[in-house]
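Just below is one structure, and these are the notes that go with it.
In this chain, residues are counted from 1 in sequence order.
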Amino acid sequence: ESVVPPKRVLRTNHFDTTKWEWIKLHKDDIVIATAYKSGTTWVQNIVKELLYIDQEAPAEFIACSTWFDFRLPPQETHKSILSAFKGRKLLKTHSPLDAIPFSRDIKYIYVGRDGRDCFMSLMNNFRNASDAFYNAINQDLEGIDSPFPRFVEEEHNEVKLFDKWISEGWPAMEGETDGWPYWSLFDNVASWWLAKNEPNVLFIHFNDLKRDLVACIQKIADFIEVDVPESVYPILAQKLSFEGLKASALANASGVISPPGFFWNNGLEDFFFKGTNGRWRNLLSAEQVAKYEEIAASKLPHECNMWL
């Protein structure tokens, strides 16, 4: 079959995967997937630059390049945005693969990162979520999910929250046993790893984006079948470094794909934050690190665990 249907539906305070039921994707549209805080927005902007070299990406393209199966905005708003754009679409998802349709005609890019680094970055988002975020995420939840909890320093500082994140799932994410108060990083990665050998799936690691951005941009360009002159890659890499992208976003440069800044107390400064790895080394105890490694080994195929 050219399309493998989803095995389950996610409806939580964050997810509404029923949106995939009505969207019409076309051959060579692109979906970027991650668990969270792994470089999703970074890779979205790389793809955008490759699709629109030497020209401004249309505002309609930027508008529809959002986290597609996020519960917000409502379906009607999303439909009108997506129906307005007729070109090659770029969507983002944080859903596990078994919760969305998988089409052989669509290009999928999965971005991975060490879960401990994801956790540190995720906690910065949690700590700095704004009242506007809570007002939006916790509206109209009756019959769907419990409200998303507010960050409380005494309960939710990184050291304390790590133990809960690694050993407790969010109740509405049925069957998950880690990821609180979000969703399971391990289940997400494992679900996509099953498709890693499909010709229309590309895996990119956050560490490789940091280490050799030019090579990653070249790999993505080849994968989405965009011809780029060799001399352009270093220019793109300079513009699309984490620091360059953050600076453009903070300067409100048009054409940068990013979430709404008002979701965080300090705007996109909180969202992009540091883009560095290893901050967990000075925070987590040896026991916590051992627990992470034990759970990662039990939940991920060996090759996947080594890659992550």
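Taking a cutoff of 4.0 Å between a charged side-chain nitrogen and a carboxylate oxygen, K219 and D222 do not qualify as a salt bridge. Contact check on E198 versus R104 returns a salt bridge, with a Lys/Arg side-chain nitrogen under 4.0 Å from an Asp/Glu carboxylate oxygen. A salt bridge is absent between R8 and E174: the closest approach of a Lys/Arg side-chain nitrogen to an acidic carboxylate oxygen does not fall below 4.0 angstrom. Ion pairing of E155 with K164 is absent here, as no side-chain N (NZ or NE/NH1/NH2) approaches a carboxylate O to less than 4.0 Å. A salt bridge links K107 and E225; the closest N-O separation between the charged side-chain nitrogens and carboxylate oxygens is under 4.0 Å.
Remark: V159 pairs with N157, L283, Q288 by the side-chain contact (heavy atoms from CB on, under 4.5 Å) rule, at least two apart or across chains. Applying the side-chain contact (heavy atoms from CB on, under 4.5 Å) test to P6 and every residue at least two apart in sequence or in another chain returns P101.
Within 6.0 Å of the NZ atom in K239, the count of heavy atoms belonging to other residues, nucleotides or ligands does not exceed 12. Around the CG atom of N135, the shell of radius 6.0 Å holds more than 12 heavy atoms that belong to other residues, nucleotides or ligands.
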As a quick check of understanding, evaluate side chain to side chain donor-acceptor pair (under 3.5 Å) for K299 and T177, giving each step before the final call. CA-CA 10 Å; K299 288 201 156 198; T177 56; 2.8 Å; yes
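Proximity of the aromatic rings of W193 and Y110 is defined here by a centroid distance below 6.0 angstrom, and this criterion is not met.
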Tell me which donor-acceptor pairs under 3.5 Å the side chains of residues 22-31 have, and how far apart each pair is, sequence neighbours excluded?
| residue | atom | partner | partner atom | Å |
| --- | --- | --- | --- | --- |
| W22 | NE1 | K19 | O | 3.4 |
| W22 | NE1 | Q75 | OE1 | 2.3 |
| D29 | OD1 | K89 | N | 2.8 |
| D29 | OD2 | H26 | N | 2.7 |

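Across Y36 and S184, no two heavy atoms sit closer than the pair OH-C, 4.4 Å. Among all heavy-atom pairs drawn from F242 and W42, the shortest one is N-CZ2, 3.6 Å.
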